[in-house]
Amino acid sequence: MAIAFPIQRFHYLLSTSSPRCISAQSHSQPKAFAVPRRKALSSLSLSLLLSSSTHILSASASPVLREYVDSFDGYSFSYPSNWIQVRGAGADIFFRDPYVLDENISVEISSPSSSRYKTVQDLGSPPEAATKVLKQYLTEFMSTRLGVRRESSILSTSSRVADDGKLYYQVEVNIKSYANNNELAVMPQERVVRMEWDRRYLSVLGVENNQLYELRLQVPENVFAEEQNDLRQIMDSFRVNKIAA
């Protein structure tokens, strides 16, 4: 959805054959043997552990960034090269982490027919823009489920002039989602509130071609501290470009 502000793994084939079923018809043929079940399961557990460790290491290491350029719509940014593109997500472009499924990056563009932005300052000051960004997020996450509650806060706002000479706003917000484990329960003590998710949203806002562009980063709050340097590098890479007539 575009923002329109008035002025967001292993298969082991375990041989169940009994040693009695081993064929030894010819001395010229290699002998088959049965793998003991305990040894096979031990090997499977070790392989799964190694695979899991590999995924953890690949997720925690600083990513290699790849540049994405959309010359048709007029923007570019860098993203982790191992992230995969998801089509049909509603954004102009959408990539997500293949391991941490709650972590993604996308770009939203305002409609050219309903917006005539000249500068990002048309949104007001960075804090005023942050209020609009947060309101847009909460609108998108609105739920019709009973017992769902959202808590949100604006964490930081800033502005910067990039090397292309354009002004960009940067906004960081936190949103938490809570839900009852039994929303239809009659007695209050039967409705236990639990946290569904706790996320940080980082937005970079820029204006070009009379349109508002927003780079969005979503990351679970519990991994943000570990990845914030990489995420800020991605934020700083965002550029809006003039579309050739």
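Hydrogens, waters and symmetry mates are skipped; everything else that's a heavy atom, side chains included, is used.
- Using a 4.5 Å heavy-atom threshold, the side chains of N210 and Y117 count as separate.
- Hydrophobic clustering of Ile, Leu, Val, Met, Phe, Trp and Tyr side chains at less than 4.5 Å, counting indirect connections, keeps F94 apart from V204.
- Distance alone, capped at 3.5 Å, places no donor-acceptor pair between the Y79 side chain and the I84 backbone.
- Looking at V161 and K166, their side chains never come closer than 4.5 Å, going by heavy atoms from C-beta outward.
- A 4.5 Å side-chain heavy-atom check between I234 and L65 finds at least one atom pair inside the cut-off.
- Nearest approach of Y168 to G206, heavy atoms of both residues: CD2-CA, 3.9 Å.
- Annotation: side chain of S159 is not in contact with side chain of Q170 (no heavy-atom distance under 4.5 Å).
- Less than 6.0 angstrom separates the ring centroid of F141 from the ring centroid of W197.
- Within the 3.5 Å criterion, the main-chain N or O of A91 finds no donor-acceptor partner in the side chain of S106.
- Ring orientation note: the planes of Y68 and F77 are tilted relative to one another, at an angle of 30° to 60°.
- Annotation: side chain of R96 is not in contact with side chain of E103 (no heavy-atom distance under 4.5 Å).
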Can you list the steps and then say if D92 with Y75 is a side chain to side chain donor-acceptor pair (under 3.5 Å)?
-> CA-CA 11 Å; D92 194 72; Y75 64 88; 2.5 Å; yes

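- Aromatic ring centroids of Y213 and F238 lie 6.0 Å or more apart.
- Listed for the S76 side chain is no donor-acceptor partner under 3.5 Å among the backbone atoms of V69.
- Note on D236 versus R160: salt bridge recorded, some NZ/NE/NH1/NH2 to OD/OE distance being below 4.0 Å.
- Side-chain N/O atoms of D198 and N222 include no donor and acceptor closer than 3.5 Å.
- Donor-acceptor pairing under 3.5 Å is recorded for the side chains of Y201 and R199.
- Here the side chains of I105 and W83 are in contact, with some heavy-atom distance below 4.5 Å.
- For the residue pair S203 / Y137, a side-chain donor-acceptor distance below 3.5 Å is found, with atom types taken as modelled.
- Residues V193 and M195 share a single hydrophobic cluster, defined by chaining ILVMFWY side chains whose heavy atoms lie under 4.5 Å apart.
- Side chain of Q211 to backbone of S110: a donor-acceptor contact under 3.5 angstrom is found.
- In this structure, the side chain of Q218 engages the main chain of D102 through a donor-acceptor pair within 3.5 Å.
- With respect to D163 and R239, a salt bridge is recorded, a charged nitrogen being found less than 4.0 Å from a carboxylate O.
- Rounding to the nearest 0.5 angstrom, the gap separating the CD atom in E226 from the CD atom in Q228 is 10.5 Å.
- For the atom pair CG of L217 and CZ of R232, the computed distance is 10.5 Å after rounding to the nearest 0.5 Å.
- Under a hydrophobic-cluster definition in which Ile, Leu, Val, Met, Phe, Trp and Tyr are linked whenever side-chain heavy atoms come within less than 4.5 Å, directly or via other members, L155 and L134 are assigned to different clusters.
- The closest side-chain donor-acceptor pair between E208 and N241, if any, does not fall under 3.5 angstrom.
- One N or O on the side chain of E128 and one on the backbone of S125 form a donor-acceptor pair closer than 3.5 Å.
- Side-chain contact check for F95 versus N104: every heavy-atom pair is 4.5 Å or farther apart.
- Residues I93 and Q85 have side chains in contact (heavy-atom distance under 4.5 Å, counting atoms from C-beta outward).
- Between E227 and R200 there is no salt bridge, since no side-chain nitrogen of the basic residue lies less than 4.0 Å from a carboxylate oxygen of the acidic one.
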